[in-house]
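Comments concern the structure below.
The sequence lines fix the lettering, A, B, ..., with proteins before strands; numbering per chain opens at 1.
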Protein chains: 2
Amino acid sequence: MRIGELAERAGVSTRSLRYYEKQGMLTARRDANGYRVYDESDLELVREIRALLTVGFTLEDARPFVECLRAGNDTGDACPDSVAVYRRKLAEIDAEIRLLWQRRQRVAAQLTRACPGCVLRDFREG
Amino acid sequence: MRIGELAERAGVSTRSLRYYEKQGMLTARRDANGYRVYDESDLELVREIRALLTVGFTLEDARPFVECLRAGNDTGDACPDSVAVYRRKLAEIDAEIRLLWQRRQRVAAQLTRACPGCVLRDFREG
DNA sequence: CTTGACATTGACATTGGCGTCAAGCCGTAC
DNA sequence: GTACGGCTTGACGCCAATGTCAATGTCAAG
């Protein structure tokens, strides 16, 4: 299939597919016209990438998963590098949540100080 | 005082101060040389901005606080607009935390599936 | 006079994942 | 032949908050 069909089937823009290719996440054969040609495995690959991006992974984070799939595994997370990324991302997410929570506490404290009753009123209203 | 001293005392770069000025967050008198001249109230203002930035506010978020201080209030959050920003930021932070939490759950589920025992082992180790 | 520390403005680089043109080639249908 | 849609590459825009030149001006000390 060509880039338009792959984009359609994977639910991404053609722009994104070319971007992924430029980042080395995707490779495409070319036909006589120079048009990119993809097969079913490329579709799976793009779907893997999208699934990871939607849970907050970066493209770089997704790289080991892509390489794992390319190596012939049926899932991208069948390789130790991918599992390591899972664990690292979990830690990152936890750190972010802690940071956000601290900020929340500080802002809530400021709000309470600036406008006593505001926070309490929130709880009663919502 | 001039820009270098203000930067030093507020703990920011001179580059940042000029940027704040370009964004309309800070105004400076100029002496005969064209050099920016600041007073103590400007220092307070910059400190207010920094305090807000460090809890995750954007410069735009900080604008009502700056205007509140300029209006003669002794704290930046003495005005309703500032309080409104507090409330909005609280809601934003809560939304972010919820999103991160959902992601965390999904990643944890994937990790468990890809490597049963990994998550449990984390709890035992740490 | 020169050096050096400070000041000025302006503009480009960074990070990420694209959207959105722009200009042109390819192929098919009419 | 021409119109249309899909493909190609390339490049700029966006968001935030600076960092980092670059080229030049100012001022006090030696």
Side-chain angles (χ1 to χ4, degrees), chain A residues 1-39 42 45-63 65-66 85 88-89 92-93 96 99-100 103, chain B residues 1-38 42 45-63 65-66 85 88-89 92-93 95-96 99-100 103:
Chain A
M1 82 193 86
R2 290 184 300 188
I3 198 170
E5 185 180 347
L6 178 60
E8 176 84 10
R9 291 223 270 159
V12 303
S13 65
T14 58
R15 179 75 185 81
S16 299
L17 294 179
R18 296 194 189 97
Y19 176 68
Y20 297 160
E21 180 174 322
K22 201 180 300 178
Q23 302 304 315
M25 308 294 295
L26 199 57
T27 54
R29 285 170 292 118
R30 302 297 185 115
D31 69 7
N33 305 328
Y35 286 14
R36 291 170 176 82
V37 178
Y38 303 95
D39 57 26
D42 293 315
L45 213 148
V46 174
R47 284 186 172 150
E48 177 86 17
I49 292 173
R50 296 305 304 185
L52 293 171
L53 289 183
T54 58
V55 292
F57 284 45
T58 67
L59 263 188
E60 274 315 302
D61 292 332
R63 196 176 294 277
F65 294 79
V66 168
V85 174
R88 179 170 56 75
K89 293 305 279 188
E92 286 178 12
I93 292 172
E96 276 190 73
L99 180 61
L100 279 175
R103 288 179 177 175
Chain B
M1 83 192 83
R2 290 185 298 188
I3 197 169
E5 185 180 347
L6 177 59
E8 176 84 11
R9 290 223 270 158
V12 304
S13 66
T14 57
R15 181 73 186 82
S16 299
L17 293 178
R18 296 195 190 96
Y19 176 67
Y20 296 161
E21 181 174 321
K22 201 181 302 178
Q23 302 304 313
M25 308 295 295
L26 200 56
T27 55
R29 285 170 293 117
R30 302 298 184 113
D31 68 9
N33 306 328
Y35 286 14
R36 291 169 175 81
V37 178
Y38 303 95
D42 294 315
L45 212 148
V46 174
R47 284 185 173 152
E48 176 85 16
I49 292 173
R50 295 307 302 188
L52 293 171
L53 290 183
T54 58
V55 292
F57 284 44
T58 67
L59 262 188
E60 274 316 302
D61 292 332
R63 195 177 295 277
F65 294 79
V66 169
V85 173
R88 178 169 57 75
K89 293 305 279 188
E92 286 178 13
I93 292 173
E96 277 189 72
L99 180 61
L100 280 175
R103 288 178 177 178

Practice task
Could you tell me whether B:R15 and B:E21 have a side-chain N and a carboxylate O separated by less than 4.0 Å?
Solution key: no
Exercise for the section: Would you please name every residue forming a side chain to side chain contact (heavy atoms under 4.5 Å, CB included) with B:E8, sequence neighbours left out? Expected result: none
Completion exercise
The reported gap from CG in B:L17 to CD1 in B:I3 (rounded to nearest 0.5 angstrom) is 5.0 Å
Completion exercise
Closest non-hydrogen contact found for A:R50 with A:Y20 is NH1-OH, 2.6 Å
Handout entry: Interatomic distance, A:E21 CD vs C:dC18 C1' [rounded to whole Å]
Key = 16 Å
Problem - Comparing B:R2 and B:S13 on DNA chain D - which has the more 5′ nearest nucleotide - result: B:S13
Practice task
Whole angstrom is fine here: how far is it from CZ in B:R30 over to P in C:dA7?
Solution key: 12 Å
Problem - side-chain N/O B:R36 vs C:dT9 OP1/OP2, d < 4.0 Å - result: yes
Practice task
Quick one: label A:T14 by what it contacts on the DNA or RNA (base, sugar-phosphate, nothing), any heavy atom closer than 4.0 Å.
Solution key: nothing
Practice task
Using atom CG of B:L53 as one end and atom P of D:dT18 as the other, report the distance to the nearest whole Å.
Solution key: 6 Å
Exercise for the section: Check whether any side-chain N or O of A:R15 sits under 4.0 Å from OP1 or OP2 of C:dG17, and answer yes or no. Expected result: no
Exercise for the section: Would you mind reading off the bend of the helix from C:dC1-D:dG30 to C:dC30-D:dG1 from its two end axes, five pairs each, to 10 degrees? Expected result: 50°
Fill in the blank from the handout: Smallest heavy-atom separation, B:L45 atom then B:V66 atom, equals CD2-CG1, 3.6 Å
Practice task
Look at A:R63 together with A:E60 and state whether they make a salt bridge at an N to O cut-off of under 4.0 Å.
Solution key: yes
Practice task
Provide, to the nearest angstrom, the distance between the OH atom belonging to B:Y19 and the P atom belonging to C:dG10.
Solution key: 16 Å
Handout entry: Out of C:dC26, D:dG19, C:dA7, whichever nucleotide has its closest atom nearest the side chain of B:I3
Key = C:dA7
Practice task
Would you kindly compare A:G34 and B:E60 by the position of their nearest DNA chain D nucleotide and give the one closer to the 5′ end?
Solution key: A:G34
Handout entry: C:dC25 phosphate, OP1 or OP2, under 4.0 Å from A:N33 side-chain N/O
Key = no
Handout entry: Residues forming a side chain to side chain donor-acceptor pair (under 3.5 Å) with B:R88, sequence neighbours excluded
Key = B:D61, B:E92
Completion exercise
To the nearest angstrom, the CD1-P distance between A:I49 and C:dG16 comes to 16 Å
Handout entry: Separation of atom CG in A:D31 from atom C1' in C:dC26, rounded to whole Å
Key = 10 Å
Handout entry: Shortest side-chain distance from A:Y20, nucleotide among D:dC27, C:dC26, C:dC18
Key = C:dC18
Completion exercise
Separation of D:dG19 atom P from B:R18 atom CZ, nearest Å, is 12 Å
Problem - Base D:dG25 to side chain B:Y35, donor-acceptor N/O within 3.5 Å cut-off - result: yes
Handout entry: Distance, rounded to the nearest Å, where B:L59 contributes CG and D:dT18 contributes C1'
Key = 10 Å
